[in-house]
There are 2 protein chains.
Amino acid sequence: MTRAPASFVPPVAIDPDGGVPIYRQLSDWFRRAILDGHLRPGQRVPSTRSLAGELGISRISVLSAYDQLLAEGYLESFAGSGTRVAQAIPSDAWAVPGGGRRSAPPDRGVPRRIAGRAAGLHGPEQTWLDSQGAFRVGLPALDRFPTGRWARLLSRHARQLAVATMAYGDPAGHEPLREAIATYLGAARAVRCDARQVLITTGSQQALQICAHVLLDAGERAWMEDPGYPGAHQAFRTAGVRMVPVPVDGEGIDVGEGVRRARDARVAYISPSHQFPLGTTMSAARRMQLLAWAAREGAWIVEDDYDSEYRFGGRPVASLQGLDAGARVIYLGTFSKVMYPALRLGYMVVPRDLVPAFRAGRDAIDTFSASLPQLAMADFIREGHFARHIRAMRVLYRERRAALLDAIGRQLDGRFEVVGADAGMQLVGLLPPGVDDVAVSRKAARRGVSARPLSQCYLEPPSRGGLILGYGGATPRQIEEGVRRLARCF
Amino acid sequence: MTRAPASFVPPVAIDPDGGVPIYRQLSDWFRRAILDGHLRPGQRVPSTRSLAGELGISRISVLSAYDQLLAEGYLESFAGSGTRVAQAIPSDAWAVPGGGRRSAPPDRGVPRRIAGRAAGLHGPEQTWLDSQGAFRVGLPALDRFPTGRWARLLSRHARQLAVATMAYGDPAGHEPLREAIATYLGAARAVRCDARQVLITTGSQQALQICAHVLLDAGERAWMEDPGYPGAHQAFRTAGVRMVPVPVDGEGIDVGEGVRRARDARVAYISPSHQFPLGTTMSAARRMQLLAWAAREGAWIVEDDYDSEYRFGGRPVASLQGLDAGARVIYLGTFSKVMYPALRLGYMVVPRDLVPAFRAGRDAIDTFSASLPQLAMADFIREGHFARHIRAMRVLYRERRAALLDAIGRQLDGRFEVVGADAGMQLVGLLPPGVDDVAVSRKAARRGVSARPLSQCYLEPPSRGGLILGYGGATPRQIEEGVRRLARCF
């Protein structure tokens with residue numbers, strides 16, 4: 001039973017001309033509401049004064065009704081806490097097994113059909129989501145986040161909430177934050193843009209939805225890296241888009257194969273800096289091939305740059321967007337990995353001539369983003385905390401990555417072929433041919449270890465299973481222990 | 001020029017075996033980055049120490065490169081503030097007219113085609129959005145919001161941000177908030193549900209998107225009240241749904257006409273408590289007719305209960321959801337009107353057997369809602385502030401409504417037929433036949449008055465124009481002045 005909240009005025013319909021005394025109409029209503037479970041045991045009811053005022057009836061009527069209900073045991077009154085629905089009304093008078101309220105069961109004779117596209121969103125069982133520790137994919141080192149400084153920025157803006165920042169805001173986002181992001185992306189990712197091309201989203205998932213709906217009509221085709229990011233599959237599925245799997249090799253997406261399978265696709269979705277999940281960096285030759293295809297066919301490229309802030313091996317990699325002379329790239333980024341996931345802030349950079357369409361799409365999807373996190377985030381970047389935090393995390397993740405590679409080398413030697421460890425906060429371990437990665441992942445979940453199965457990232461049947469291991473959110477000690485437990489799973 | 005942020009490590013690609021000295025590769029890279037606009041005048045560059053460390057090169061190389069760039073005037077160094085891109089690089093070396101950076105123009109020979117559904121999202125010119133004062137529709141009395149108390153709740157939770165509330169959360173939302181909403185809806189709106197049926201959204205717009213995508217495939221048909229809520233039109237359009245306009249009369253949506261136009265529609269979208277925009281309350285007979293149709297045909301009803309917390313004339317009205325024995329209703333509510341719009345919190349209540357599909361849809365749309373506002377909102381309800389705030393606003397809006405009706409009566413007598421003023425925070429004034437409401441609205445915007453044209457809420461050609469006037473966010477003085485200005489517009 002939750003704590004009873006302060007009383008709300010119930011929707012009692014009083015008919016002054018109905019021939020039934022008002023006190024009786026009122027007591028009948030309360031009796032029914034209690035038995036139907038609209039009012040719960042222990043819940044406070046309005047004071048006689050306020051109820052009389054709200055309903056425009058005499059207080060005497062309310063007093064009489066409450067007296068009646070108290071006498072019948074439906075209500076109880078306590079000194080200092082007003083009148084409440086009696087605790088003694090047995091819970092099972094209103095609850096049914098399974099926790100629901102009493103209500104007629106839905107008519108099973110009539111089909112309860114939902115959309116075909118929604119039926120496809122369920123996906124397979126995901127036991128790797130059970131643990132938030134080692135090796136949960138996408139989780140940063142939340143224990144190292146500067147919460148004190150962040151809380152001060154949030155509190156400062158919360159105290160200063162003004163009419164302008166509480167009302168409906170710009171669908172594209174808070175102007176100073178868009179400025180700060182444009183400057184950051186120019187400096188750190190060689191993205192060419194100005195603030196007007198930046199749109200704030202609730203994260204990359206929403207950005208993917210906007211891309212899918214603004215760029216493609218239902219039934220049109222999009223190239224998807226295979227294996228690829230399951231969140232992108234969900235977004236394109238929601239939009240009714242036909243996904244064309246295009247294999248990924250050591251240079252990134254196989255553009256030639258894409259052309260063979262669907263030359264006239266409207267969109268290519270890629271993660272060129274650090275391919276999800278395989279970790280490949282797209283080669284310069286492939287980048288040029290892809291841009292040339294897009295320019296020739298009038299297609300769009302959605303570049304998901306979800307975690308390229310962190311890079312350990314090899315050379316820094318600039319964005320594909322910055323190379324694109326044809327303004328064919330929509331660039332997506334997120335603060336989920338460099339700040340924290342439950343902040344729900346991300347951004348997209350769109351070609352200048354597409355800004356009006358994307359603004360309208362952003363507006364249609366959920367109007368605009370909450371103001372407070374945007375205000376605080378703009379300050380966090382402008383005051384330099386963001387750059388400092390990224391720098392500190394780069395050092396930390398380098399250590400955690402080394403710890404994971406070391407533990408794998410010692411404990412999983414020969415059973416685990418590591419790929420894609422050059423950047424980001426995760427790597428992939430390919431399993432020996434024939435080993436079922438979903439089964440291994442399920443066993444790992446039972447031992448409290450999160451290991452995302454690689455096979456669930458494929459649209460076509462995978463040639464070899466593997467596990468995606470995130471090391472951002474795990475300490476070296478947790479990593480060591482996690483690998484030990486993992487070793488027992490296969 | 002925005003203030004320069006702290007430096008980010010740029011994506012410089014150094015080739016140690018390329019035959020070109022490293023200092024020269026570095027100075028070439030910076031020169032190009034400055035000229036291409038990736039680095040902006042006044043922007044700080046990394047310290048020699050940190051850049052050398054990040055790139056894994058000797059500090060001497062970085063010093064040499066910076067010396068060269070300082071000598072050439074690309075960089076400037078200032079005591080105490082490190083080295084920056086020179087302010088003297090003329091802005092127009094990197095900016096082009098229209099504010100963009102220098103980049104090749106998109107190839108105009110190749111079509112730049114977006115989705116047909118996105119082209120439909122633009123909608124007509126909306127000059128009524130120019131003003132946030134009288135009579136902006138949907139805007140509550142933000143100046144009366146208890147910001148101090150709310151800021152304290154937010155700050156409390158911000159300071160206590162823990163790993164569990166920073167990581168990925170439940171797509172359905174924060175459990176205690178869902179409990180609090182279920183209790184509130186049972187008491188105040190006679191909604192039958194338990195917390196497991198409640199899903200937290202970023203607002204009713206997102207809830208509409210989820211409904212459209214989960215309940216309907218592209219090309220399927222939905223009844224839409226006509227006139228109706230333009231946000232719902234946008235959501236159903238995004239999903240590729242075919243909208244069937246169904247007229248609204250004094251009893252609400254004309255169910256018989258709906259059956260004649262599309263008996264086998266999959267969904268009916270309605271706002272029965274306070275129809276948007278006409279303000280009609282749906283009659284009991286129509287409610288029964290609609291529920292019977294849905295049960296018979298296996299259709300779903302989306303009930304948008306966007307502002308029924310405030311009711312002034314007539315009797316309280318309970319939700320349609322609470323009457324529905326067939327579990328055919330999806331109930332939508334929002335905190336935008338009772339809290340503030342930029343909070344971005346809303347909720348939906350779905351039939352028990354549809355919970356898995358809606359959870360998957362919520363997850364696909366944007367994963368989950370930000371944690372901090374959910375934590376604070378749960379406390380705000382449980383500690384009774386929510387019920388108190390609603391009660392105070394009900395009194396306030398009653399006064400503002402009276403002030404508006406009075407001013408209309410005195411200043412617009414005979415030119416403005418008021419309808420739908422029984423509930424919520426807005427009313428409609430029908431204009432004399434033949435008067436163009438968009439033209440009046442545009443004139444009003446020029447005088448600083450927001451007056452949303454009724455005709456833009458129609459899917460079919462409207463029979464008569466009108467203005468939708470919100471009074472929640474305007475003081476009696478602003479209302480008086482607003483009506484005075486409005487009177488001069490026609």
Side-chain angles (χ1 to χ4, degrees), chain A residues 2 6 8 11 13 38 101 103-104 106-107 110-111 114-116 118 121-122 132 142 147 151 154-155 158-159 161 163 166-169 179 186-188 190 192 202 205-206 213-214 216-218 234 238 240 298 315-316 318 325-327 340-342 344 357 360 364 366-367 370-371 384 387, chain B residues 2 6 8 11 13 38 101 103-104 106-107 110-111 114-116 118 121-122 132 142 147 151 154-155 158-159 161 163 166-169 179 186-188 190 192 202 205-206 213-214 216-218 234 238 240 298 315-316 318 325-327 340-342 344 357 360 364 366-367 370-371 384 387:
Chain A
T2 47
F8 297 102
H38 297 154
R101 303 281 183 75
S103 66
D107 180 353
V110 180
I114 59 165
L121 293 178
H122 268 292
Q132 297 275 18
L142 298 175
T147 36
L154 282 172
S155 301
R159 281 193 308 273
L161 267 183
V163 169
M166 295 168 77
Y168 286 94
E179 276 287 348
R192 288 164 192 263
T202 60
Q205 190 62 29
Q206 183 174 71
H213 284 91
V214 169
L216 295 137
D217 280 309
Q234 297 294 68
T238 310
R315 304 193 191 141
Y340 60 97
R344 308 314 300 138
D366 86 334
T367 322
S371 57
Chain B
T2 45
F8 297 101
H38 297 152
R101 302 279 184 76
S103 66
D107 179 355
V110 179
I114 60 165
L121 293 178
H122 268 291
Q132 296 277 18
L142 298 175
T147 38
L154 282 172
S155 301
R159 280 194 308 273
L161 267 183
V163 169
M166 294 168 80
Y168 287 94
E179 275 287 347
R192 289 164 191 264
T202 61
Q205 190 63 28
Q206 183 174 70
H213 284 90
V214 169
L216 295 137
D217 280 310
Q234 297 294 68
T238 310
R315 303 191 193 144
Y340 59 97
R344 308 314 299 137
D366 86 335
T367 323
S371 57

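Throughout, a chain's letter reflects where its sequence line sits, starting with A, and its residues are numbered from 1. Only a predicted model underlies this, so the values are computations on that prediction, with no experimental measurement involved.
- Under a 3.5 Å cut-off, the side chain of A:Arg344 and the backbone N or O of B:Thr367 do not form any donor-acceptor pair.
- Among B:Ala115, B:Ala357, B:Ala151, the residue with the largest count of heavy-atom pairs under 4.5 Å with chain A is B:Ala115.
- In this structure, chain B has heavy atoms under 4.5 Å from both the backbone and the side chain of A:Leu161.
- Residue with the most contacts toward chain B among A:Ala190, A:Ser371, A:Pro341: A:Pro341 (heavy-atom pairs, distance under 4.5 Å).
- Each of A:Gly240, A:Gly169, A:Ala118 has some count of heavy-atom pairs under 4.5 Å with chain B, and the biggest count is that of A:Ala118.
- Between B:Thr238 and A:Ala364, the shortest heavy-atom contact is OG1-CB, 3.7 Å.
- Of all heavy-atom pairs between A:Ala342 and B:Ala167, the closest is CB-O, 3.5 Å.
- The side-chain heavy atoms of A:Thr202 and B:Gln206, taken from C-beta on, include no pair separated by under 4.5 Å.
- In this structure, B:His213 NE2 and A:His213 NE2 are separated by 2.5 Å, a value rounded to the nearest 0.5 Å.
- Between A:Gly116 and B:Asp217, the closest heavy-atom pair is N-OD2, 2.6 Å.
- The minimum heavy-atom distance between B:Gly298 and A:Val110, with the atom names listed, is CA-CG1, 3.2 Å.
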